Amino acid sequence: CGFFHSYPQWRHLGSWDACDVDARCLEEVARRHPEIRVAPCGATPEYPAASFDIVVSTEVIEHITDPVPWLRHVAALVRPGGVAVFSTPNYLSLLPVVEYTLLQAVALTKGFSRLHIHPNKYGPAKLRRHLAEAAPPGASVTVGRCAFSMALVGVVRVAPADAPSA
């Protein structure tokens with residue numbers, strides 16, 4: 001869940017759950033937004049299949065060493081007719097220049113390196129390919145750029161239950 005920065009724009013869409021492997025993030029989300037249900041999760045979110053109309057994953061998939069099974073699991077959490085939204089840094093932009101210079105310099109002053117924190121470095125084609133591999137049958141996949149093209153947003157639209165099978 002990170003710190004749920006996008007939540008204020010989306011709160012009107014319904015009730016929210018947040019999960020993260022980092023208890024500090026959950027504590028901060030609970031402090032900022034007490035109406036959100038927060039829960040720790042392991043390597044994959046632990047909810048029953050088809051639990052949500054919308055699943056949003058921000059800046060997570062680049063940290064996953066084997067992302068397709070993880071993406072498949074997350075997409076399975078979406079009800080028929082719902083969407084899963086994934087954002088990730090776009091490594092086919094100016095981002096690597098910023099990350100390997102300015103952000104790395106800041107990290108080094110804090111005693112760590114950013115050089116290997118993203119085992120998956122995504123461009124639009126790789127994100128589209130991974131989402132297509134993970135999407136349930138009949139789902140559509142789109143990928144776009146945002147934040148001066150330094151971020152990617154991928155959307156998996158799960159087919160409605162009454163959609164004809166292909």
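Because the structure is predicted, anything quoted here is derived from the model rather than measured.
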How far apart are the closest heavy atoms of [X] and [Y], and which atoms are they?
X: A84; Y: V78; answer: CB-CG2, 3.8 Å
X: L152; Y: P124; answer: CD1-N, 3.7 Å
X: P96; Y: N90; answer: CD-O, 4.4 Å
X: I117; Y: H63; answer: O-ND1, 2.9 Å
X: G154; Y: L127; answer: N-CD2, 4.0 Å

Exercise for review: Mind jotting down which residue pairs meet the ring-ring contact (aromatic ring centres under 6.0 Å, His included) criterion with at least one end in residues 133-155? Sequence neighbours excluded, please.
Suggested key: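 Every pair satisfying ring-ring contact (aromatic ring centres under 6.0 Å, His included) with a residue in residues 133-155: there are none.
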Point to revise | Pairs where residues 66-85 contributes a residue and the test ring-ring contact (aromatic ring centres under 6.0 Å, His included) is met, not counting sequence neighbours | key: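 Of all non-adjacent pairs touching residues 66-85, none passes ring-ring contact (aromatic ring centres under 6.0 Å, His included).
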Check your understanding: Is E27 salt-bridged to R24, cutoff N-O under 4.0 Å?
Key -> no
Heavy-atom distance under 4.5 Å between the side chains of [X] and [Y], does that happen here?
X: I61; Y: H130; answer: no
X: D17; Y: F52; answer: yes
X: V141; Y: V155; answer: no
X: V83; Y: V158; answer: no
X: T88; Y: F86; answer: no

If you look only at distance, which donor and acceptor atoms sit under 3.5 Å apart when one is on a side chain in residues 38-51 and the other is two or more places apart or in another chain?
residue	atom	partner	partner atom	Å
E46	OE2	G42	N	3.2
S51	OG	P48	O	2.4

Co-membership, hydrophobic cluster, residues [X] and [Y], 4.5 Å side-chain:
X: W16; Y: I54; result: yes
X: L115; Y: L95; result: yes
X: L92; Y: M150; result: no
X: L131; Y: V68; result: no

Value rounded to 0.5 Å, distance of [atom1] in [X] from [atom2] in [Y]:
X: H118; Y: H116; atom1: NE2; atom2: NE2; result: 12.5 Å
X: Y122; Y: R128; atom1: OH; atom2: CZ; result: 13.0 Å
X: E28; Y: R31; atom1: CD; atom2: CZ; result: 4.0 Å
X: L77; Y: S57; atom1: CG; atom2: OG; result: 10.5 Å

Point to revise | Set of residues satisfying side-chain contact (heavy atoms from CB on, under 4.5 Å) with respect to A139, sequence neighbours excluded | key: A135, P136, V156
Check your understanding: Picking from V153, V55, T58, what satisfies side-chain contact (heavy atoms from CB on, under 4.5 Å) with V85?
Key ->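 Looking at V153, V55, T58, the match for V85 under the side-chain contact (heavy atoms from CB on, under 4.5 Å) is V153.
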Exercise for review: Given side-chain contact (heavy atoms from CB on, under 4.5 Å), test K121 with E62 step by step and report yes or no.
Suggested key: CA-CA 6 Å; K121 293 173 173 45; E62 65 274 11; over 6 Å; no
Practice item. Determine which pairs satisfy side chain to side chain donor-acceptor pair (under 3.5 Å) with at least one residue from residues 140-155, sequence neighbours left out, and list them in order. Key: none
**Study point:** Worked verdict on E59 versus S87 for side-chain hydrogen bond (donor to acceptor under 3.5 Å, both in side chains)
**Key:** CA-CA 5 Å; E59 314 305 308; S87 68; 2.9 Å; yes
Scan the side chains in residues 98-107 for donor-acceptor partners under 3.5 Å anywhere in the protein, sequence neighbours excluded, and list what turns up.
residue	atom	partner	partner atom	Å
E99	OE1	Y91	OH	2.6
E99	OE2	Y91	OH	3.1
T101	OG1	V97	O	2.4
Q104	OE1	S113	OG	3.4
Q104	OE1	R114	N	2.7
Q104	NE2	S113	OG	3.0

Review point. Does CZ belonging to R79 count more than 12 external heavy atoms closer than 6.0 Å?
Key: yes
